[in-house]
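Hydrogens, waters and symmetry mates play no part in the numbers below; they use all other heavy atoms, side chains included. Remember, predicted model here, so these are calculated numbers, not experimental data.
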Amino acid sequence: MEITVTPEECAAESLTDAHLKQALNAIRTEGYIILNAVVAHEHLDLLCERMTEDIEKILNAPAPPHNFVWGNVQQDPPPFPPYVFRDVMANPYVVQISKSLLGEGIFNNRYTGNTNLPGSELQPVHVDSGQLWPNLDVAHPPSKVIVNIALDEVTEVNGSIELWPGSHLETQKVVGDDIKVAEHLQEARRKVAPPVRGNTKKGSILIRDSRLWHRGMPNPSDQPRFMIAAIYSCHWMRRLPPLRFNTGCETAFAESDLDPNIIFVDEPIDYLFRNRPYDYNIKRNTYE
């Protein structure tokens with residue numbers, strides 16, 4: 001489901017009750033919602049310019065952080081001015097939805113990204129996190145959402161993400177298990193609700209339940225597809241160490257109901273080379 005923010009909502013920096021209800025219902029039932037026209041294009045262009053420069057450095061490292069297969073690269077956005085923006089880091093509509101879904105005290109536990117390179121391979125279907133408790137008859141309410149922001153329009157042409165609607169309510173995948181979804185589970189789920197592509201316009205944001213089955217798809221274009229990712233969590237979830245941003249970014253997080261879980265530092269931050277390969281396909285491993 002998609003919601004296009006109206007001029008009136010833009011002026012108020014708040015969704016109407018009707019749109020908020022639609023968004024919450026979509027996440028609870030389908031596992032995701034797409035918000036259109038909520039990020040300034042000039043912010044995305046600036047990020048894209050810098051991340052295009054950065055990806056070349058990352059790929060020249062001894063062990064580029066490919067995820068599962070070649071071509072889906074973990075790439076963190078720059079954590080310093082002028083690349084940190086409120087409509088990316090603490091978008092008021094995303095915060096409004098997340099707070100209504102997860103409750104008071106939501107916090108950001110991650111700020112990273114995935115770059116889908118030209119010629120990338122097909123990822124396995126997986127979850128970012130499973131159900132919190134085993135042996136559930138019915139899935140528990142959401143505890144975390146993933147906030148995805150592509151830096152340009154994304155379709156099948158440049159490797160849009162695959163999403164499995166309603167799969168977050170399946171109870172087979174539990175925290176601590178292998179996050180990959182077995183073939184027999186995929187076939188059973190496909191008969192209920194086949195996967196769709198998470199195509200988004202430039203300036204849109206995809207919010208998805210962290211339990212939703214998904215995977216990176218091949219990018220048949222000749223350009224990288226950049227996508228930023230943040231994780232918003234319930235107040236009672238375990239916190240990772242605070243995110244590190246350089247001094248000068250504070251205004252991007254001001255006056256928000258989101259706890260940014262951040263410390264601001266003056267020294268340089270190694271954001272390019274702190275990620276590691278994840279379940280890399282050794283048949284295509286060229287860096288060891």
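Taking a 6.0 Å sphere around CD of E53, one finds it holds more than 12 heavy atoms contributed by other residues, nucleotides or ligands. The local environment of CD in E42 is crowded, with over 12 non-hydrogen atoms from other residues, nucleotides or ligands closer than 6.0 Å. Annotation: D17, atom CG; neighbour count of heavy atoms from other residues, nucleotides and ligands within 6.0 Å does not exceed 12.
There is no path of hydrophobic side-chain contacts, each under 4.5 Å, that joins V154 to I34. I179 is not connected to V175 by any chain of hydrophobic side-chain contacts under 4.5 Å among Ile, Leu, Val, Met, Phe, Trp and Tyr, and they are in different clusters. Both F253 and Y271 sit in one connected hydrophobic cluster of ILVMFWY residues. Membership requires side-chain heavy atoms under 4.5 Å apart, directly or through other members. Grouping the Ile, Leu, Val, Met, Phe, Trp and Tyr side chains by contacts below 4.5 angstrom, directly or via other members, places I27 with V5. Transitive grouping of hydrophobic side chains (ILVMFWY, heavy atoms separated by less than 4.5 Å) keeps V95 and F107 in distinct clusters.
A salt bridge links D279 to K180: at least one charged side-chain nitrogen sits closer than 4.0 Å to a carboxylate oxygen. D259 has a carboxylate O that lies under 4.0 Å from a charged side-chain N of R239, or vice versa, which qualifies the two as a salt bridge. Under a 4.0 Å N-O distance rule, the pair R244/E267 qualifies as a salt bridge. Comment: K201 does not engage E153 in a salt bridge, judged by the lack of any side-chain N to carboxylate O separation of less than 4.0 angstrom. Between E170 and R189 a salt bridge is recorded (basic side-chain N to carboxylate O distance below 4.0 Å). Salt-bridge annotation for R50 and D45: absent, with no side-chain N of the basic residue lying under 4.0 Å from a carboxylate O of the acidic one. Salt bridge annotation for E255-R86: absent, with no cationic side-chain nitrogen under 4.0 angstrom from a carboxylate oxygen.
Proximity of a side-chain donor or acceptor of H66 to a complementary backbone N or O of G71 within less than 3.5 Å is detected. Listed for the N246 side chain is a donor-acceptor partner under 3.5 Å among the backbone atoms of V265. Looking at N25, its side chain never comes within 3.5 Å of a backbone N or O of T29 through a donor-acceptor pair. Formation of a donor-acceptor pair under 3.5 Å by the N261 side chain with backbone atoms of N108 is found in this model. At distances below 3.5 Å, not a single donor-acceptor pair connects side-chain atoms of K202 with backbone N or O atoms of A37. Of the possible donor and acceptor atoms, one in the side chain of N60 sits under 3.5 Å from a partner among the backbone N and O of E56.
Counting heavy atoms from C-beta on, the side chains of L206 and I161 come closer than 4.5 Å. At least one side-chain heavy atom of I207 sits under 4.5 Å from a side-chain heavy atom of V94. A 4.5 Å side-chain heavy-atom check between P81 and C249 finds at least one atom pair inside the cut-off. With contacts defined as side-chain heavy-atom distances shorter than 4.5 Å, the pair R211/H140 qualifies. Annotation: side chain of D257 is not in contact with side chain of I106 (no heavy-atom distance under 4.5 Å). No side-chain heavy atom of K144 sits under 4.5 Å from any side-chain heavy atom of D209.
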Exercise for the section: Might you work through the side chain to side chain contact (heavy atoms under 4.5 Å, CB included) test for M227 and L151, ending with a clear yes or no? Expected result: CA-CA 6 Å; M227 185 169 69; L151 303 188; over 6 Å; no
Problem - Worked check of salt bridge (charged side-chain N to carboxylate O under 4.0 Å, His left out) between R208 and D128 - result: CA-CA 10 Å; R208 54 185 172 88; D128 288 332; 2.9 Å; yes
Practice task
Could you please spell out the steps behind the side-chain hydrogen bond (donor to acceptor under 3.5 Å, both in side chains) verdict for T155 and S160?
Solution key: CA-CA 5 Å; T155 67; S160 57; over 6 Å; no
Handout entry: Working for side chain to side chain contact (heavy atoms under 4.5 Å, CB included), residues D87 and H43
Key = CA-CA 9 Å; D87 56 1; H43 295 167; 3.0 Å; yes
Practice task
Could you please spell out the steps behind the side chain to side chain contact (heavy atoms under 4.5 Å, CB included) verdict for Q74 and T112?
Solution key: CA-CA 7 Å; Q74 196 80 28; T112 183; 2.7 Å; yes
Practice task
Could you please spell out the steps behind the side chain to side chain contact (heavy atoms under 4.5 Å, CB included) verdict for I228 and Y111?
Solution key: CA-CA 8 Å; I228 290 172; Y111 182 59; 3.5 Å; yes
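Annotation for P165 and A193: closest pair O-CB, 3.8 Å, computed over non-hydrogen atoms. Across every non-hydrogen atom of S204 and N36, the tightest pair is OG-OD1, 2.7 Å. Scanning both residues, I263 and P242, for their nearest heavy atoms gives CG2-CB, 4.0 Å. In this structure, Y93 and L35 approach most closely via the heavy-atom pair CB-CD1, 3.9 Å. In plain terms, the two heavy atoms of T16 and E9 that are nearest each other are N-OE2, 2.9 Å. Across every non-hydrogen atom of T115 and P224, the tightest pair is CG2-CB, 3.9 Å.
A side-chain donor-acceptor contact under 3.5 Å links N199 and E156.
When the side-chain contact (heavy atoms from CB on, under 4.5 Å) test is applied to D266, the partners found at least two apart in sequence or on another chain are T247. Remark: L169 engages A139 in a side-chain contact (heavy atoms from CB on, under 4.5 Å) (not counting sequence neighbours). The side-chain contact (heavy atoms from CB on, under 4.5 Å) check on N114 picks up N67, N72, N116, R225, with sequence neighbours excluded.
Aromatic rings of W164 and H214 (six-membered ring for Trp) have centroids beyond the 6.0 Å cut-off, not under it. Annotation: H168 is not in aromatic contact with Y32 [ring centroid separation under 6.0 Å not met].
Between Y83 and F80, the ring planes lie perpendicular to each other; the angle is over 60°, past the 30° to 60° tilted range.
A side-chain hydrogen bond (donor to acceptor under 3.5 Å, both in side chains) with R215 is found for one member of E162, H126, Q123 and no other, namely E162.
The structure places CG of N109 at 12.0 Å from OH of Y232, a figure rounded to the nearest 0.5 Å.
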